[in-house]
Protein chains: 2
Amino acid sequence: MQTKECPEDICEQLCEHPQIICIAKKESISDHEAQQVAEIFKLLGDPTRVKILQALTKRELCVCDIAAVIEMGQSAVSHQLRLLRNARLVRYRREGKMAWYSLDDEHVRSLLSQGIDHIKHR
Amino acid sequence: MQTKECPEDICEQLCEHPQIICIAKKESISDHEAQQVAEIFKLLGDPTRVKILQALTKRELCVCDIAAVIEMGQSAVSHQLRLLRNARLVRYRREGKMAWYSLDDEHVRSLLSQGIDHIKHR
DNA sequence: ACAACATATGAATATATGTTCATATGTTAG
DNA sequence: CTAACATATGAACATATATTCATATGTTGT
């Protein structure tokens with residue numbers, strides 16, 4: 001976090017409240033952490049990927065089955081799976097011609113179900 | 001969900017496994033739900049908004065303090081706050097010239113902390 | 001009424017993102 | 001080896017998004 005100290009003596013009449021800002025800065029996450037957190041959520045922030053991940057919460061699926069389930073082209077699905085794979089949100093194993101995908105991350109299962117809960121309860 | 005029945009008799013040799021697809025489709029979320037879920041995560045999927053929300057988990061802050069804490073322009077912050085406000089992720093109250101923002105949603109607090117946990121544990 | 005201030009917002013711009021199309025890679029069956 | 005197939009990927013395109021700048025709105029104190 002920040003090492004800068006909080007000056008108690010600065011005039012409090014300003015809009016920018018130095019004390020609060022100083023404390024809040026110390027408690028804030030770093031740019032890098034914010035970036036990483038955003039990265040995860042960004043991946044969950046697309047309807048196609050939500051559908052893919054939600055389908056994978058139930059069972060392992062191969063690419064063309066995913067495409068059929070969510071009614072999208074094979075290529076689009078494959079591109080999205082690559083993103084999910086790179087971020088290690090899904091695992092895949094090759095079996096002959098086919099590639100079987102599954103969730104690789106209990107955090108993601110939990111985040112996803114919380115997200116679904118969230119929209120259902122309001 | 002889907003009402004279409006699962007034909008048991010269709011040839012299983014195809015890549016597209018009709019049974020599985022049929023069952024998976026019945027269990028899949030609707031386009032509309034996927035859209036809504038994605039909408040929430042998309043809002044959490046930007047580093048600026050992550051920083052804003054994280055700062056607001058600790059205490060209520062006014063716009064210019066938020067700008068100072070996350071080291072961004074007032075305008076940029078205000079634009080992002082509008083998005084968060086529209087999605088009811090933050091609440092705001094006006095006090096004279098100033099607008100005080102706070103988290104409006106325990107779900108969001110929980111999602112956010114899970115997201116932060118997620119990047120810390122790997 | 002006026003000046004100073006906090007916030008909001010529209011327009012413009014640069015960048016990121018998702019899908020499609022065409023094609024490449026790699027596997028299996030004949 | 002070849003054809004059929006499942007998947008992956010690069011390029012192109014359209015769309016969405018974030019930030020900045022300029023300015024509008026609304027409040028407070030004089």
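Each chain gets a letter, A, B and so on, in the order its sequence line appears, and its residues count up from 1. Source: prediction; values computed, not measured.
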Inset, instruction - Summarise protein proximity over nucleotides 21-28 of chain D in one line of letters, 5' to 3': B for base, S for sugar-phosphate only, - for none, counting protein heavy atoms closer than 4.0 Å. - result: BB----BS

Inset, instruction - Tell me what B:Ile66 touches on the nucleic acid: a base, only sugar-phosphate, or nothing, going by heavy atoms under 4.0 Å. - result: nothing

Inset, instruction - Kindly write out the residues that satisfy side-chain contact (heavy atoms from CB on, under 4.5 Å) with B:Ala24, not counting sequence neighbours, or none if the list is empty. - result: A:Arg59, A:Val69

Legend entry - With sequence neighbours excluded, residues passing side-chain contact (heavy atoms from CB on, under 4.5 Å) with A:Lys58: A:Gln54, B:Glu27

Legend entry - Separation of C:dA6 C1' from A:His17 NE2 (nearest whole Å): 11 Å

Legend entry - Inter- and intrachain pairs under disulfide bond (SG atoms under 2.5 Å apart), touching residues 73-109 of chain A, at least two apart: none

Legend entry - Separation of C:dT7 C1' from B:Leu83 CG (nearest whole Å): 15 Å

Inset, instruction - Pick out which of A:Leu89, A:Asn86, A:Val50 makes a side-chain contact (heavy atoms from CB on, under 4.5 Å) with A:Leu43. - result: A:Leu89

Legend entry - Nearest-angstrom distance from the residue atom CE of A:Met98 to P of D:dC5: 14 Å

Legend entry - Short side-chain N/O contact from B:Gln80 to OP1 or OP2 of D:dT19, under 4.0 Å: yes

Inset, instruction - Take the protein atom CZ of A:Arg82 and the nucleotide atom P of C:dT19, then report the distance between them rounded to whole Å. - result: 14 Å

Legend entry - Results of side-chain contact (heavy atoms from CB on, under 4.5 Å) for A:Ser110 - residues two or more places apart only: A:Gln114, B:Gln114

Inset, instruction - Name all pairs fulfilling the disulfide bond (SG atoms under 2.5 Å apart) condition that reach into residues 32-108 of chain B, sequence neighbours left out, sorted by first residue then second. - result: A:Cys15-B:Cys64

Legend entry - Qualifying salt bridge (charged side-chain N to carboxylate O under 4.0 Å, His left out) pairs, either residue in residues 100-113 of chain A, two or more places apart: A:Arg91-A:Asp104, A:Glu106-A:Arg109

Legend entry - Distance, rounded to the nearest Å, where B:Met72 contributes CE and C:dA8 contributes P: 15 Å

Inset, instruction - Keeping to residues at least two apart or across chains, list the disulfide bond (SG atoms under 2.5 Å apart) pairs with something in residues 67-122 of chain B. - result: none

Inset, instruction - Would you mind telling me which of A:Ile70, A:Ile52, A:Ile66, A:Val90 makes a side-chain contact (heavy atoms from CB on, under 4.5 Å) with A:Gln80? - result: A:Ile52

Inset, instruction - Report the residues that fulfil side-chain contact (heavy atoms from CB on, under 4.5 Å) with B:Ala76, sequence neighbours left out, ordered by chain and then residue number. - result: B:Met72

Legend entry - Sorted by number, the residues of residues 36-56 of chain A with heavy-atom contact under 4.0 Å to DNA chain C: A:Lys42, A:Asp46, A:Thr48, A:Arg49

Inset, instruction - Go through D:dT9, C:dA6, C:dA8 for me and flag the one nearest to the B:Tyr101 side chain. - result: C:dA8

Legend entry - Any pair counted as salt bridge (charged side-chain N to carboxylate O under 4.0 Å, His left out), so long as it reaches residues 36-56 of chain B, sequence neighbours left out: A:Asp31-B:Lys51

Inset, instruction - Find the distance A:Glu71:CD to C:dT19:C1' and express it as a whole number of Å. - result: 16 Å

Inset, instruction - Please round to 10 degrees the angle between the axis of the first five pairs and the axis of the last five pairs in the helix from C:dA1-D:dT30 to C:dG30-D:dC1. - result: 30°

Legend entry - Nucleotide D:dC5, atom P - distance to CG of A:Asp65 in whole Å: 16 Å

Inset, instruction - Would you kindly give the CG-to-P distance between A:Leu84 and C:dG18, to the nearest whole Å? - result: 10 Å

